[in-house]
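Let me begin by presenting the structure, written as structure tokens, before commenting on it.
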Amino acid sequence: NLKPVQVKLVLLGEAAVGKSSLVLRFVNNEFQENKEPTIGAAFLTQKCRLEDKVIKFEIWDTAGQERFHSLAPMYYRNAQAAVVVYDVTKAASLDKAKSWVKELQRQANPNIVIALAGNKIDLVQPIEESEDESTESGRQVPTEEAKAYANEFGLLFFETSAKKGDGVRDVFTEIGMNDLIK
Ligand code: GDP
Ligand code: MG
């Protein structure tokens, strides 16, 4: 069956965490160092083969700024999937991500698949001869802390770099798998 399975997906998260960059990496395999902020929201589509199916992602990339918050329900209301993004080098961005998750779990489609993505892992420098991740320089959100939160709230969890490409395809592939088995 070659008719694509459509997945409506929305990106949410604080401004400048890299939402648009993740989409640009997924759709065009590109990265822009000084990406201009999104106004309102941007719409993109991307097809993706998964096993014997074709998935067509219909992606709403929202603006993170507080002044656009009231528009968000228009984008998540009919969404089957949401990617809530934070920046691993900015602890406050995880708090903002948690408030989006809370809003989605209260107000979005009850079957929505939510993925939490900790972006900008390329900015984390592992310190040699240390096993302790809390000593990685640049990191403000430990992987284990975010993962534990994601498990508690039933979210898929990823760490990504839109800049280098790490983890980006996995976010969309796992969401696609989840939507196929539902
Ligand atoms: P948005 O407001 O969440 O859509 O964030 P943008 O995609 O516009 O990115 C904000 C800034 O962070 C831009 O200057 C990007 O180049 C930068 N950025 C985005 N993703 C990454 C990443 O994975 N690593 C690094 N180092 N910078 C990133
Ligand atoms: Mg943006």
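Just follow the structure's listing: the first ligand is 1, and inside any ligand the first atom is 1. All values reported here derive from a predicted model rather than from experimental measurement.
In K102, the NZ atom is not crowded: 12 or fewer heavy atoms of neighbouring residues, nucleotides or ligands sit closer than 6.0 Å.
Within ligand 1, the atoms closer than 4.0 Å to a non-hydrogen atom of A16 are 1 (P), 2 (O), 3 (O), 5 (O), 10 (C), 12 (O), numbered from 1 in the order shown. The Q32 neighbourhood of ligand 1 comprises atoms 15 (C), 16 (O), with distances under 4.0 Å to a heavy atom of that residue. Interface atoms of ligand 1 facing S161, defined by a heavy-atom separation under 4.0 Å, are 23 (O). For ligand 1 and V17, the ligand atoms under 4.0 Å from any heavy atom of the residue are 3 (O), 5 (O). Atom numbering of ligand 1 starts at 1 in the shown order; those under 4.0 Å from a heavy atom of A162 are 20 (N), 22 (C), 23 (O). Using a 4.0 Å cut-off to heavy atoms of K19, the atoms of ligand 1 that qualify are 1 (P), 2 (O), 3 (O), 4 (O), 5 (O), 7 (O). Heavy-atom contacts of E33 reach the following atoms of ligand 1: 13 (C), 14 (O), 15 (C), 16 (O) (cutoff under 4.0 Å).
Among the atoms of S21, no N, O or S atom is found under 2.8 Å from the Mg ion (ligand 2). Among the atoms of T38, an N, O or S atom falls under 2.8 Å of the Mg ion (ligand 2).
Between A91 and Q140, the shortest heavy-atom distance links the atoms N-OE1, 2.7 Å. Taking both residues in full, the closest heavy atoms of A162 and V168 are given as CA-CG2, 4.2 Å, listed atom of the first, atom of the second, then distance.
When only modelled atom types and interatomic distance are considered, E159 and T143 share a side-chain donor-acceptor pair under 3.5 Å. Looking at D87 and S93, their side chains never bring a donor and an acceptor atom within 3.5 Å of each other.
In this structure, the separation between CG on N111 and CD on Q80 is 9.5 Å, given to the nearest 0.5 Å.
Looking only at heavy atoms of the protein, atom 27 (N) of ligand 1 is closest to F31 CZ, 3.8 Å. Ranking the protein heavy atoms by distance from atom 17 (C) of ligand 1 puts K120 NZ, 4.0 Å first.
Considering backbone and side-chain N/O atoms, G18 comes within less than 3.5 Å of an N/O atom of ligand 1. Considering backbone and side-chain N/O of K163, one or more are found under 3.5 Å from N/O of ligand 1.
Relative to the six-membered ring of W100, K96 meets both conditions, a distance below 6.0 Å and an angle of at most 45° to the axis.
With distances taken over non-hydrogen atoms, the option nearest atom 19 (C) of ligand 1 out of S21, A63, G118, S93 is S21. With distances taken over non-hydrogen atoms, the option nearest atom 20 (N) of ligand 1 out of L123, V124, V168, N119 is N119.
Between R106 and E103, no side-chain nitrogen of the basic residue sits less than 4.0 Å from a carboxylate oxygen of the acidic one, so the salt-bridge criterion is not met.
Only side-chain heavy atoms of D122 come within less than 4.0 Å of ligand 1; its backbone N, CA, C and O stay farther off.
For an aromatic pair to be called close, the ring centres must be under 6.0 Å apart, and F157 with Y149 fails this.
Under the 4.5 Å side-chain criterion, counting only non-hydrogen atoms from C-beta, L104 is in contact with L12.
Looking at T160, L156, L11, N119 one by one, the single match for side-chain contact (heavy atoms from CB on, under 4.5 Å) with V83 turns out to be L11.
Residue G64 places every heavy atom at 4.0 Å or more from ligand 1.
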